[in-house]
Structure formats: structure tokens, C-alpha cells
Enquirer: 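I'd like to ask you about the structure that follows.
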Amino acid sequence: MSTKLASYDDFINSTAELHHLLAVRPASPLVRRTDEAVQLENAVHRACLVLLVAHFEGFAKAALSEYVDEVCAVRPPARKVPPAFLELFTRDRIQEIASLPAGVDRVHRTRKLFTAFSALWDQDRSIDPQVISAKILARQMTSLKPDVLRESFSLIGIDDIIADATSNLQTAGLSVRVDIKLEEIVDKRNLIAHGDYSIKPTSTDLEDYIDFFMAVGDAFSRSVVQAIDQACTLRSPT
């Protein structure tokens with residue numbers, strides 16, 4: 001497949017919305033501005049930060065979904081897919097059954113669990129698209145906190161996506177700890193979303209955050225493409 005995810009291209013395109021919003025600001029910073037103009041600029045910057053984080057969170061979830069889509073399309077044998085990935089869907093169905101009241105429906109679903117999901121644990125059987133779900137995988141990512149990202153992407157075989165991203169950024173000449181920077185940006189976004197008016201990112205801050213997320217998104221994309229190749233390349237290694 002391509003070296004970039006389609007969801008990464010979508011994320012890049014989504015940043016155009018931020019530039020449209022920034023265009024609402026007062027035109028010249030050299031002209032003395034009224035209090036109303038200053039408040040407008042602060043409001044625009046705060047809105048941009050919230051949107052930026054939302055777009056990146058959407059990208060990260062879509063990246064997980066792309067992994068599932070590729071597995072469903074190629075249907076590799078179960079041995080090619082991380083066991084944690086298989087366990088997620090089995091566990092989700094077990095929890096669903098356990099929540100049902102005793103009766104015929106629960107018995108039927110339990111019987112179906114063993115007939116449909118047992119194939120996931122047969123190393124040589126092809127993955128059945130009917131028993132895995134992009135939505136179930138994507139909803140494991142509940143926030144952009146580094147630990148949540150690590151755990152979510154580990155389900156598709158990426159040991160530490162944050163460490164991988166930090167390494168990729170350093171290779172590109174960007175000396176930044178992805179986990180620390182993510183915490184900083186997400187914390188600011190959360191404060192803004194909860195009505196804290198003291199958080200007032202500047203234009204420089206926003207440009208830095210956009211560049212950061214574009215670089216991290218590129219690194220995430222590369223890691224997920226590699227995970228897809230590992231699962232879906234059926235030829236024997238040379």
C-alpha cells in the first residue's frame with residue numbers, strides 16, 4: 001500500500017479550516033487594537049487550538065480504522081495479526097453476552113461466540129471480517145494522552161508509538177519529546193473546553209502546534225503503514 005495513510009492526507013487537508021478561522025482576526029498587528037479586537041483574536045486562537053486537537057484525534061482514530069479495513073480486505077491468517085488485536089474483539093463479545101439477562105438469547109449468542117470467534121484463534125485460518133470491527137478498535141482511543149495512544153496502537157502491534165514518533169522527529173531534526181508536548185497541548189485544550197479563559201495561545205503557539213501535529217501525524221502514519229504491511233503482506237520474507 002501507499003507509504004502514507006489516507007487519514008493522514010485528510011488531516012493535512014483539515015488544517016485549511018484553521019487558516020480560514022485565523023483569517024477572521026484583525027488584519028494588522030501594527031495598528032492599535034481595541035479591546036474588542038484583542039478579545040476576538042484570543043477567541044479565534046482558542047477555537048483553533050480546540051479544533052486542531054479534535055482534528056488530530058479524529059486522524060488517530062481513523063488510522064486505527066484503516067488498519068482494520070486493510071485486514072478485512074486482505075484477510076490474512078490469524079498468526080499475522082497481534083494476539084491483543086484478536087483478544088479485543090473476543091473480549092468485547094464476551095462482555096456483551098455477560099451483560100444480557102439469562103435466557104434463550106444469551107444461550108444463542110454464547111453458542112455463536114464459540115462457532116464464530118474460535119476461528120480467530122486458529123493460526124492458519126483467514127481473519128473473518130464479520131467478527132472484527134473498526135469502531136470497536138477506534139473507541140479504545142479515548143483521548144490523546146500519551147499512555148492512551150500507546151495502549152491503543154499496541155493493539156495493532158506497535159510497541160510504543162510515542163517513542164517511535166519521537167525518534168522520527170529527531171531524525172528529521174526536531175528535538176522534541178512527543179509525550180511532553182502532547183500533554184502540554186491536550187491540557188491546554190481541556191482547560192479551554194472547560195471554560196478557563198486564562199489560556200490564550202498566540203499565533204506563534206498555533207503555528208508551532210500545527211507543525212508539531214503534522215510531523216507527529218506523519219510519524220504515526222508511517223508506523224501504522226508498517227503494521228499493516230506486517231499483517232497483510234502474505235509473501236514469505238526473503
Enquirer: How about Glu36: does its CD atom have over 12 heavy atoms from other parts shown lying under 6.0 Å from it?
Expert: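 Atom CD in Glu36 is not packed in, count stays at 12 or less.
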Enquirer: Give me the atom names and distance for the closest heavy-atom approach of Lys80 to Ala231.
Expert: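 Result for this residue pair: CB-O, 3.4 Å.
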Enquirer: For the pair Met141 and Glu57, evaluate side chain to side chain contact (heavy atoms under 4.5 Å, CB included) and give the outcome as yes or no after the intermediate values.
Expert: CA-CA 9 Å; Met141 208 206 80; Glu57 186 171 353; 3.4 Å; yes
Enquirer: When hydrophobic residues are tied together by side-chain contacts of less than 4.5 Å, even through go-betweens, does Leu52 share a cluster with Val50?
Expert: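 Yes, same cluster.
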Enquirer: Check the hydrophobic clustering (I, L, V, M, F, W, Y; side-chain heavy atoms under 4.5 Å; chains of links allowed) and say if Trp121 and Leu113 are grouped together.
Expert: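 Trp121 and Leu113: one cluster.
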Enquirer: For the pair Lys4 and Asp218, find out whether any cationic side-chain nitrogen is under 4.0 Å from an anionic carboxylate oxygen.
Expert: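 Salt bridge: yes.
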Enquirer: Decide yes or no on side chain to side chain contact (heavy atoms under 4.5 Å, CB included) for Gln130 and Asp128, but give the supporting numbers first.
Expert: CA-CA 5 Å; Gln130 299 299 316; Asp128 181 357; 3.4 Å; yes
Enquirer: Would you check, one step at a time, whether the test side chain to side chain contact (heavy atoms under 4.5 Å, CB included) holds for Tyr8 with Val224?
Expert: CA-CA 11 Å; Tyr8 178 65; Val224 175; over 6 Å; no
Enquirer: May I ask you to say whether Asp105 pairs ionically with Lys112, meaning some side-chain N is under 4.0 Å from a carboxylate O?
Expert: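 Result for this pair is no, no salt bridge flagged.
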Enquirer: Assert yes or no for the condition that the ring centre distance of Phe220 to Phe153 is strictly below 6.0 Å.
Expert: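 Yes, the ring centres sit under 6.0 Å apart.
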Enquirer: Would Ser133 and Leu137 count as a side chain to side chain contact (heavy atoms under 4.5 Å, CB included) if you check the C-alpha gap in whole Å, the side-chain angles of each, and the deciding distance to 0.1 Å?
Expert: CA-CA 7 Å; Ser133 164; Leu137 178 60; over 6 Å; no
Enquirer: Spell out, as yes or no, whether a donor-acceptor pair under 3.5 Å connects the side chain of Asp122 to the backbone of Ala119.
Expert: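 Checking the backbone N and O of Ala119 against the side chain of Asp122, no donor-acceptor pair under 3.5 Å is found.
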Enquirer: Scan side-chain atoms only and decide if Ser7 and Glu66 contain a donor-acceptor pair under the 3.5 Å cut-off.
Expert: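 The answer is yes; a qualifying pair exists.
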Enquirer: So, the side chain of Arg46 versus the backbone of Lys200: is there a donor-acceptor pair under 3.5 Å, distance only?
Expert: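 No, the answer is negative, given that no donor and acceptor are paired below the 3.5 Å cut-off.
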Enquirer: Do you know the tightest heavy-atom contact between Val68 and Ala134?
Expert: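 Smallest heavy-atom distance, with atoms named: CG1-N, 3.6 Å.
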Enquirer: Going by an N to O cut-off under 4.0 Å, is there a salt bridge joining Asp179 and Arg177?
Expert: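 Answer for the salt bridge query: yes.
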Enquirer: Checking Arg189 side chain against Val53 main chain: does a donor-acceptor pair fall under 3.5 Å?
Expert: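 Here the side-chain-to-backbone pair does not exist.
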Enquirer: Taking Arg75 for the side chain and Ser126 for the main chain, is one N or O donor matched with an acceptor at less than 3.5 Å?
Expert: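 No, Arg75 side chain to Ser126 backbone: no donor-acceptor pair under 3.5 Å.
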Enquirer: Is the side chain of Asn13 donor-acceptor paired with the backbone N or O of Asp9 at a distance under 3.5 Å, no angle test?
Expert: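 Yes; at least one donor-acceptor contact below 3.5 Å.
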Enquirer: A side-chain contact here means heavy atoms from C-beta on lying under 4.5 Å apart; do Leu206 and Leu18 qualify?
Expert: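 Not touching, per the 4.5 Å side-chain cut-off.
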Enquirer: Using 4.0 Å as the upper bound for N to carboxylate O, is an ion pair formed by Lys145 and Asp187?
Expert: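 Counted as a salt bridge, because a side-chain N and a carboxylate O are separated by less than 4.0 Å.
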Enquirer: Counting C-beta onward and ignoring hydrogens, is there a side-chain heavy-atom pair between Ile127 and Cys72 closer than 4.5 Å?
Expert: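 Ile127 does not reach Cys72 side chain to side chain.
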Enquirer: Report yes if some heavy atom in the side chain of Leu22 is under 4.5 Å from a heavy atom in the side chain of His45; otherwise report no.
Expert: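 In short, these two side chains touch, coming nearer than 4.5 Å.
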Enquirer: Check Leu169 against Ala219 and note the closest heavy-atom contact, atom names and distance.
Expert: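 Taking Leu169 first and Ala219 second, the nearest heavy atoms are CD1-CB, 4.4 Å.
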Enquirer: Once you round to the nearest 0.5 Å, how far does OG1 of Thr90 lie from CD of Gln95?
Expert: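 Atom-to-atom, Thr90:OG1 and Gln95:CD are 11.0 Å apart.
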Enquirer: Nearest 0.5 Å, please: how far is CD1 in Ile156 from CD in Gln140?
Expert: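 Here the interatomic distance stands at 12.5 Å.
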Enquirer: For the rings on Phe89 and Phe117, is their centre-to-centre separation under 6.0 Å?
Expert: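 Between Phe117 and Phe89, which both carry aromatic rings, the centre distance is not below 6.0 Å.
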Enquirer: Testing the basics here: between Phe85 and Leu155, what is the closest heavy-atom pair and its distance to 0.1 Å?
Expert: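 Where Phe85 meets Leu155 most closely, the heavy atoms are CB-O, 3.1 Å.
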Enquirer: Side chains of Glu184 and Tyr209: any donor to acceptor distance under 3.5 Å?
Expert: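 Side chains of Tyr209 and Glu184: pair found under 3.5 Å.
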Enquirer: I'd like to know if the side chain of His55 pairs up with that of Thr15 as donor and acceptor (distance under 3.5 Å, no hydrogens or angles considered).
Expert: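 On atom types as modelled, these side chains do not qualify, holding no pair under 3.5 Å.
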Enquirer: Would you mind reporting whether Asp124 and Pro77 have side-chain heavy atoms less than 4.5 Å apart?
Expert: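 A side-chain contact under 4.5 Å is absent here.
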Enquirer: Donor-acceptor check, side chain of His194 to backbone of Asn190, threshold 3.5 angstrom: yes or no?
Expert: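 The answer is yes, because a donor-acceptor pair under 3.5 Å joins these two groups.
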Enquirer: Is Ile228 close to Leu5 at the side-chain level, that is, under 4.5 Å between some pair of heavy atoms?
Expert: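 In short, these two side chains touch, coming nearer than 4.5 Å.
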Enquirer: Taking all atoms of both residues into account, what is the closest heavy-atom pair of Pro146 and Leu182, and its distance?
Expert: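 So the minimum-distance heavy-atom pair works out to CG-CB, 4.3 Å.
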Enquirer: May I have the step-by-step check of salt bridge (charged side-chain N to carboxylate O under 4.0 Å, His left out) for Glu96 and Arg109, ending in yes or no?
Expert: CA-CA 9 Å; Glu96 176 187 316; Arg109 288 173 183 253; 2.5 Å; yes
Enquirer: Under 4.5 Å between any side-chain heavy atoms of Ser152 and Val148, yes or no?
Expert: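 Yes, close enough: below the 4.5 Å cut-off.
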Enquirer: Which distance, rounded to the nearest 0.5 Å, do you find between the CD1 of Ile185 and the CG of Asp208?
Expert: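 These two atoms lie 7.0 Å from each other.
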Enquirer: Honestly curious: do Phe114 and Ile94 fall in one hydrophobic cluster under the side-chain, below-4.5 Å linking rule?
Expert: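 Same cluster: Phe114 reaches Ile94 through Ile, Leu, Val, Met, Phe, Trp or Tyr contacts under 4.5 Å.
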Enquirer: Hey, could you give me the CG/NE2 distance between Leu100 and His108, rounded to the nearest 0.5 Å?
Expert: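 The NE2 atom of His108 is 11.0 Å from CG of Leu100, to the nearest 0.5 Å.
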Enquirer: Does the side chain of Arg150 reach to within under 4.5 Å of the side chain of Asp147, using non-hydrogen atoms?
Expert: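 Sidechains of Asp147 and Arg150: in contact.
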Enquirer: Under the 3.5 angstrom rule, does the side chain of Ser221 hit a backbone N or O of Gly217 as a donor-acceptor pair?
Expert: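 Such a contact is absent between Ser221 side chain and Gly217 backbone.
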Enquirer: Without swapping roles, check the side chain of Ser167 against the backbone of Ala163 for a donor-acceptor pair under 3.5 Å.
Expert: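 No, because the side chain of Ser167 does not come within donor-acceptor range (under 3.5 Å) of the backbone of Ala163.
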Enquirer: Side chains of Leu174 and Phe212, heavy atoms from C-beta outward: is any pair under 4.5 Å?
Expert: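 Heavy-atom side-chain distance check fails, nothing below 4.5 Å.
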Enquirer: From Tyr67 OH over to Gln230 CD, what is the distance, rounded to the nearest 0.5 angstrom?
Expert: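 Here the interatomic distance stands at 8.5 Å.
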Enquirer: Going hydrophobic residue to hydrophobic residue with side-chain gaps under 4.5 angstrom, can you get from Ile210 over to Ile180?
Expert: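 No; tracing contacts between hydrophobic side chains, which count when under 4.5 Å, never links both residues.
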Enquirer: Among Leu149, Ile162, Asn168, Asp164, find the residue that satisfies the side chain to side chain contact (heavy atoms under 4.5 Å, CB included) test when tested with Val178.
Expert: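 Answer to the side chain to side chain contact (heavy atoms under 4.5 Å, CB included) test with Val178 among Leu149, Ile162, Asn168, Asp164: Ile162.
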Enquirer: I need the Gln123 CD to Leu86 CG distance, nearest 0.5 Å.
Expert: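 Result: 8.0 Å between the selected atoms.
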Enquirer: Determine the minimum heavy-atom distance between Leu51 and Leu21, stating which atoms define it.
Expert: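 So the minimum-distance heavy-atom pair works out to CD1-CD2, 4.0 Å.
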